[in-house]
Amino acid sequence: MTASTDPIARVSVISTGSVAIRPEHVGPTWKNLYFWLFTSTRWTAPRPINVYVIEHRDGVVLFDTGQDRASVTDPDYFPGGIYGLIYSRLAKFAIEPDQTLSAGLSRLGYAIHDVDTAVISHLHQDHIGGLPLLGHADIIVSHDEWQSLHQPLPEARGLMSSHIDLPGLNWNLITPEPLADPTLAPFSIGHDLFGDGSLTLLPTPGHTPGSLSLLIRRPGHAPLILVGDLTYDADLLADGKLPGVGDKKQMRDAVGKVNALRATMPGLVVLAAHDPSAADRLTTPLNPVPSA
Ligand SMILES: [Zn+2]
């Protein structure tokens, strides 16, 4: 590829409000999830709830869709009982009227109807919040994540079906297939979104069973990997340190693979959903974002 054949015009990030979580959630921690969840007395400073926006010649692609503002305005958004208690101890959201997905897109010069494809890294609430607005788009999620939604007690795993499996959405379930590209090693399976190698979905399970990351490769730009909630801090990931939520063995494997990719892809920028440094990392001089 030469610079003139770059199929991507722009990569941007918006945040749909902010979230405070427990320091143990960011990790690393030796404590059991339910122990820290019910004993932690501290919250982190507010962190972003990032939605990445990729303007590709085949359409505008979102990676994650943020947290729905209804979650802070509608008293019935969350389940009651023990799950409601767990959700309230896990995260505190703040979303102003001008921090919705639509408002963020509009500041970048896009309308919600410009979105052709939304890739959902995983189905937790702070990644699926834009779904009610995306009936016109293709929604992509991994088959494994979809299966997890349809196993018993999804709410116990942080999946609120009533906000996910909405009528009229165009779900596309992807199963990672063998990759012919040796430069992606140690990833051997994935999904080339538009068949041009610019946007490759890579399985990075652990936070949830079907979590996906998105590798963005453009001529003349540093490669980017959007990792969802595989980490909450790119520096911790680089040190091999794991968050406090998820399957530790799977996360260790996925973090190891991303770090192996960092070694073979110079300048690879790791962008997480709730990393306070992500927006700055995206716009460093290494990866210039053309002005609109
Ligand atoms: Zn999240």
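When a ligand or atom number is given, it counts from 1 through the structure's own listing order. Count residues from 1 along the sequence. Bear in mind the structure is a predicted one, so any value in this text is a computation, not a measurement.
Side-chain atoms of Trp171 and Ile164, non-hydrogen and from C-beta on, do get closer than 4.5 Å to each other. For the pair Asp229/His127, a side-chain contact is recorded, criterion being any heavy-atom separation below 4.5 Å from C-beta on.
Remark: the Asp181 side chain and the Thr183 side chain contain an N/O donor-acceptor pair separated by less than 3.5 Å.
The shortest heavy-atom contact between Val258 and Leu268 is O-CD2, 4.2 Å.
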Pair up each side-chain donor or acceptor in residues 236-246 with any protein partner under 3.5 Å, not counting sequence neighbours, and list the distances.
none

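A salt bridge is defined here as a Lys NZ or Arg NE, NH1 or NH2 lying under 4.0 Å from an Asp or Glu carboxylate O, and Asp235 with Arg281 meets this definition.
Within the protein, the N, O or S atoms lying under 2.8 Å from the Zn ion (ligand 1) are Asp126 OD2, His127 NE2, Asp229 OD2, His274 NE2.
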